[in-house]
Amino acid sequence: MAASAHELNRFLAAAKPSATYGVIDRVAARRAQGVDIISLSAGEPDFDTPEHVREAGIDAIRRGHTRYTQVAGLRALRETVAEKFRRENDLDVDWRQTIVCTGGKQVIFNALAATLNEGDEVIIPAPYWVSYPEIVQLCGATSILVECGVQSGFKLTSELLEGAITSRTRWLILNSPSNPTGAVYSRSELLALAQVLLAHPLVMVLSDDIYEHLVFDDLGFSTIAQVEPRLRDRVLTMNGVSKAYAMTGWRIGFGTGPTWLIDAMEKLQGQQTSGASSISQYAAMAALSGPQDFVRESRLAFQHRRDYLVAQLNAAEGLRCEIPQGAFYAFASCEGLIGKVTPAGLRLTSDEDVVNGLLDHAGVATVHGSAFGLGPYIRIAYALDDAALHRACESIKRFCETLSN
Ligand code: GLU
């Protein structure tokens, strides 16, 4: 491609495109060519949005709720969001301390863009969701990636946190249950991190709770502002309806935090996308305040799939997978495949090669762990029905068997 005479913004030029969307796009391109691909790549529930929520969206259109809303969201939705935080997270939230955005990603983007300056540091435990470091990069700040390997259950410890904090640290990003590992922080693990944070009053915490309702084996969910109320005035707790209510396409995320931060995020959003889709806001209200059976049923379905998938992955030659406690991702080590050769004669030298091999030879799309900051691993999203998951596992095992040394 010819180089353009026009220069890009330097922060954007240095940022990487989203690796998850990269795979999603590759799957779409292969399918458009008529190739049969089973996608274990996109992190989105395969279920339909619950009927009463879809009806609320249709009803909003019929009643003419199709105009701009307030930038930070309809007051009725913000009150519903505040009630959700009070009911489910023991956070004493007033609706003015909430904001509704176009997806959870915009909550994160708003918060970081509203507060970061060049030279500021953001601590991100690795593996991490692909977009955190790139959003930090877009804001001109620096990510401090702290490797949290399988030994610590892919989780940040108080020692690792203490060692990463400097006078430039502005934020710590926590994500539990985690994308890509499914790791869940217990109440006592969060308390240990909170102890460190109490000694560093300038460090803010962004708690990405988007997988809150997907915690398995009755382990229970905790969030840091709940377990340590003394941190409340410097925590942004974010969530959304995408994963809990199978509403990824509706694009509704929300958050609560100190009023100064919420106001700054609203100011930023008011010069950008303005309020989220009015129709989606009405649907989100129905999701958060209506019957919650769907949440329990989908959690049980995902737990059942997890059990099946992890057993299958551990039965595949060269793969090894811990049992994830939440979300709908398995993060499997593919170290045992590195150095092996595909039937087409290609030597697998990295997890990216493994992902390409699985796509080309097994018709299965996954995402390489190194995109999430830890290799050699593959992330497998098990948000698909039992029959497709069974086919995918058979193909993965067959692929592993066909490799030679
Ligand atoms: N969060 C999902 C994933 O990790 C959706 C894609 C994205 O926004 O990265 O697959």
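Remember, it's 1-based here, ligands and their atoms both numbered in the order they're listed.
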Of the backbone atoms (N, CA, C, O) and the side-chain heavy atoms from C-beta on, which set of Tyr329 has a member under 4.0 Å from an atom of ligand 1: side chain, backbone, both, or neither? side chain
Proximal atoms of ligand 1 relative to Lys243 (non-hydrogen, under 4.0 Å): 1 (N), 2 (C)
Would you call the rings of Phe331 and Tyr377 parallel, tilted or perpendicular if under 30° counts as parallel and over 60° as perpendicular? parallel
At what distance is the nearest protein heavy atom to atom 8 (O) of ligand 1, and which residue and atom is it? Lys105 NZ, 3.2 Å
Tyr21 N/O to ligand 1 N/O under 3.5 Å: no
A student checking ligand 1 against Arg379 at a 4.0 Å heavy-atom cut-off should list atoms 3 (C), 4 (O), 10 (O)
Identified salt bridge (Lys or Arg N to Asp or Glu O under 4.0 Å) counterpart of Glu118 within the set Arg170, Arg168, Arg10: Arg10
Check the surroundings of atom CG in Leu219: do more than 12 heavy atoms from other residues, nucleotides or ligands lie under 6.0 Å from it? yes
Can you find an N/O atom of Ser18 closer than 3.5 Å to an N/O atom of ligand 1? no
Nearest-option assignment for atom 6 (C) of ligand 1, heavy atoms, candidates Asn179, Val130, Thr20: Thr20
Do His200 and Glu162 have a side chain donor and acceptor closer than 3.5 Å? yes
Ring centers of Tyr211, Phe328 separated by less than 6.0 Å: yes
Taking Arg305 for the side chain and Leu384 for the main chain, is one N or O donor matched with an acceptor at less than 3.5 Å? yes
Please write down residue, atom name and distance for the protein heavy atom closest to atom 5 (C) of ligand 1. Gly43 O, 4.0 Å
